[in-house]
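Below, chains carry the letters A, B, ... as their sequence lines are ordered, and counting in each starts from 1. Every heavy atom of this structure was used, including side-chain atoms; hydrogens, water molecules and symmetry mates were not.
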Amino acid sequence: MEDERRYDPHSIEERWQRVWETEKTWEVPNDADPSRTTYVLEMLPYPSGEPHMGHLKNYALGDAVAHFTRRTGRVVLHPMGYDAFGLPAENHAIKTGVHPRESTAASIASFQRQFRRWGISIDWSREFGTHEPTYYRWTQWLFLQMYERGLAYRREAAVNWCPNDATVLANEQVTDGRCERCGAEVEVRQLEQWFLRITDYADRLLEDLGEIEWPEHVKTMQRNWIGRSEGAEVVFRCESAETDYPVFTTRPDTLFGATFFVMAPEHRDVLKLAAGGEHEDEVRAYVNRAITESNELRGSAERPKTGVPLGRTVTNPVNGEQIPMFVADYVLMEYGTGAIMAVPAHDERDHAFALAHGLPIKRVIEGADPDAGPDSDGLPYSGEGPLTGCGTEFDGTHNREAFGRIVDWLDREGKGHSSVNYRLRDWLISRQRYWGCPIPIIHCAECGPVPVPESDLPVILPDIEGYAPKGRSPLASAEDWVAVDCPSCGAAARRETDTMDTFVDSSWYYLRYCDARNDEAAWSREAVDAWMPVSQYIGGVEHAILHLLYARFWTKAMHDMGLVGFDEPFARLFTQGMITRDGAKMSKSKGNVISPASYVDNYGADTARCYVLFIGPPDQDADWSDEGVEGVHRFLSRLWRLSNGLESSGSGIVQPESPDGAGLELVRKANWAIDKVTKDMGSRFAFNTAISAVMELVNDCYRLIDRTDEESLRFAVATAGSLVFPFAPHLGTEVVDRVAGRRAWEEPWPAVDPTMLESDTFELVCQVNGKVRDRVEAPSGADQAALIELARSAPNMVAHLEGKQTVKEVVVPGRLVNIVVR
RNA sequence: GCGGCUGUGGCGGAAUUGGUAGACGCGCACGGUUCAGGUCCGUGUGGGGGAGACCCCGUGGAGGUUCGAGUCCUCUCAGCCGCACCA
C-alpha cells in the first residue's frame, strides 16, 4: 500500500522527534564550561491562538543557527518560554468570561504541540511562562531591588484615559488618538503611576551601542529614541514674582534673539503667575482645555500656534531686556524644564507663534533659509552664520564659536551652564489591568508605600469576578486580597492594585533560562555568567525600540546591583522580515492568513521550514507562494530518493580516496557545497543561498548518477544530507542515517578538502575593451603572459583585435584578461 | 520635516573584495515516461536583430570615476518603515 519510492515526511519526522524527545538530546547543563558555550535565542512568543508564519520563520532561523553552532563543537543553550501576561488574553476574558489563565494555557499547549511537530531543538527542561508564580515571584523581587535603589518610583503623570470604557489605556492601545477597543477619543488624566528610572541610563544606553553587533538601523532607531541633545540651561528671572525660571536650549548662541518666553500649560507656576492679571480667566480656560486634550491632538506640528499672555515679563540674562511671558501648548512639560526662551528669527515654531501674536522678530544670525522665497527676509533661519544685531562684542563671531563663549559667560555670571537633555522618558510600568504581574507594594496610611517582604513573595494574582474595567484596576474589586496589614507598622493597609507592563516580564526572561528551576534566587550568578550574554538574538524589527531598549536597561541595572557580570544582554541581534501574502501583511480582516500547520500537514515540517528560509534574505519581507513550497518539497523528495536508492556504507561520511571522472566532479561539487554553506551560515545569515547550494549538489547527483562510482555518489548524498540538516533536520538525519549509518546531529560540521576546491583548468574570460568576446579553457597555474597569449588566440578575440592597436592589457589571475585597444 | 531601508527577467531572488549579470527556485515552452491527467526525467527560457558564426541593448532615471560599475561617487525618481511642536 505504502509506496516505498515516495518521500513520506510524516513518518520520518515523527520517528526522529521521538528519539530527540526520549534522549533529551537538546538539554544542556547549567554549569557548562563558559569557553565552549553559545546562547542562541529567539524572542519568546506571546501565546495567543495558534503560532503563525512569523513564528515559523523566527524559530526555523534560530534552530538553523543552533544546529549549525552545535556541530561546530559548541555547547548551545536554546530554550523556549511564553510571554503569557497581556491584554489580548484579558480582552478575550472580558468578551467571553473565560479566565485568561485558561485561554493562555490552551494557547501555550498549541504552541508546544507545534514546536514539537516542527522539530525545533529546544531544551524543554527550561521552559516557563512569565505568568507562572515561580517566574513572576522573581519579577516582583527584581522590582523591589530597583525600588530599594530608587530605580522604581511613583509619581503623578498624564495617562491615556478612555471615557467610554472608564479605564486607563496602555500607549499601545491607543491608535490615532482613539481607544483601540471602542473607538472613543482618548483623554489625558493625571494619575499616580509607577516608573522605572531608565533616563538615568540614557548615556550608557547610547554609548554602549558601539559595543554590540546589531543592525545599524536598529541602533539608529534607539539613538533617535533616546534623542540626546547638547545645549545649555539658561536662567530667566521674573522680577515681579521673584522667581528664577531655567530653560533648556540647544541654541544658546541665539540668546540675544529671544523676544518672548513660553511655559507649558502643565507648568505649576502658570496659574499663580496669571493670578490677578488681566488674562487670568483666559489663562485658566486655556490650561484646562490643554491638559484634558489628547497628546495626539496636541502633538501635531501643523496645528496653529495658540497661547495666552501671562501678563508678566522675565529678564533676558544676556542683555537685560524684559520679554513677555506666555502659556502655550506647543511647549511640553516633559521635555527640558517645561519652559522655553523663544527666538522667532531662528526657530520655526517660535516664528509661527510670533506671527500669530504680533510679537517682535529679532535676527541675530546672518543667513537665509534656502526654502524661503527670494523676496522674503529668509526667516526663520536655523542654519549657521556669524552673529549680528546683538550690540555686543559677539557680533561678527561665528555662531559655533559664540555658542561656547556665551555659555562660558553665563556660567561665570551664575546665569546658566552647559546641559544635556534627552527625548527618552522614564518607563511607565503600571497598568490598571488584571492579567499582569502584581506590583509588590502595600500602601499604608502611616508608612506610605511599603515593599512586600521578600518572604511573602510572590504576591499571587488573585482570581476575580469580572474583568471589565470599571474606572479602577480590576484587582481593586478583590477586597479580601487588597486588604492587608502593613508589614512595617501592622496597621490596616491596602495592596497596590496596578499590575506591571508585560514588557517588564520580557525584560529579564533570557536571564531566567540560564537557571530556570532555581527556587532560591532569580538566577545564580555562575549559571548566568556561564551563558550570557546571548550570542545571537533573533526576532522581529517591531521590537527594535521598546523591548530591546528595556532589556538593555534592565541588564545594566542588574549589572550595577552586582547580580550579573555583563552589561549588555544581546551581543548580536538579527531582525527578521515579515512574511506577507499577496504583498500584504497577513490579517484576519484581509482574509489572507495562512497557518503553518496546514503546510506541515501537507508537506511536512522540513518543507515548511526550508521554504521560509529559502524564500529570500531573512532580514527582508518575503511573500509566501504555494508554488514555491512545492519546489522546495520537490528538492527534498529528490534528495530522499537519492538516499533511498543507495546501500548504507554504515561507516560514516567518507570522501573516496582518489575519485576520477564523474566521481571526481561530484566530490568536487560536494566540497564546493560544504564551503559555500559553511560561509553562508558562519559569516552571514544567507540561508537562502546555502539551501540553493545544496540544491545544486543534488542536481549534480542526478546529472552524474549514471556515470559516477557508488562511493563518490554516497559521499555526495551524505554530504547533502549533512548540509541540509540545520534547515531540514529530520530529512538531513534520515539521509545521513541511511547512507552513512550516522546521526547527523552528532556528526561534526563537514570540513572542506581544499584540494577538491581547485581544478586543473578554469574558464578564462576574454574581453576587448571590457566586453566579453570569448571564453577559453586555461590551465590553473598559467602565468600572466601565458593567459594573455591564450586570450589573444581565442577565435572571436582574433576577429576583434585585428587591425587594432593595443593600449593596455589587464590580467585578473584565475578569472579574465581584458585587452584595451584603439 | 528628520532618520533609515529597498528598487535586478513573467515572479521570488543570486552575484561575499569593482572582474562572465540573472545562480537556485517558481512559472512557461518543447520532448520522454504514462491509456490519459498528475507525478517523475530531460532540454530550453532577459529583450531585440540575424539562416548562422555572432552583433546590439539591458540591474528605477541622469551624470561621473575606472581597462572594467548591479557594486564606488554626485544628483534624481518611486515604494516601504520609524520618529515627529523634543526648544
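- A:Asp347 and A:Arg251 are not joined by a salt bridge, as no carboxylate oxygen comes within less than 4.0 angstrom of a charged side-chain nitrogen.
- Within the 4.0 angstrom heavy-atom criterion, no nucleotide atom of any strand lies near A:Arg228.
- Using a 4.0 Å heavy-atom criterion, one finds that A:Lys305 contacts the bases of the nucleic acid, with or without backbone contacts as well.
- Using a 4.0 Å heavy-atom criterion, one finds that A:Glu809 contacts no nucleic acid atom at all.
- Syn is the glycosidic conformation of B:G9, whose angle stays within 90° of 0.
- The partner of B:G7 is B:C77, by the rule that a Watson-Crick or G-U pair needs both atom distances under 3.5 Å.
- Note on A:Val331: a base of the nucleic acid sits closer than 4.0 angstrom, heavy atoms only.
- Rounded to an integer number of Å, the gap from A:Phe614 CZ to B:C26 C1' is 9 Å.
- Among the protein residues, A:Arg303 comes within range of the nucleic acid bases, having at least one heavy atom under 4.0 Å from a base atom.
- Nucleic acid contact for A:Lys585: none, since no nucleic acid atom lies under 4.0 Å from a heavy atom of the residue.
- Nucleotide B:G38 has no partner under the Watson-Crick or G-U criteria, as no pair reaches both atom distances under 3.5 Å.
- Among the heavy atoms of the strands lying under 4.0 Å from A:Asn796 are primed sugar atoms or P, OP1, OP2 only; no base atom is included.
- A close approach under 4.0 Å does occur between a side-chain nitrogen or oxygen of A:His800 and OP1 or OP2 of B:C55.
- Here A:Leu332 lies in heavy-atom contact (under 4.0 Å) with a base.
- Remark: A:Leu255 CG to A:Met341 CE distance equals 5.0 Å, nearest 0.5 Å.
- Here the C1' atom of nucleotide B:C41 and the CG atom of A:Asn699 are 12 Å apart, to the nearest Å.
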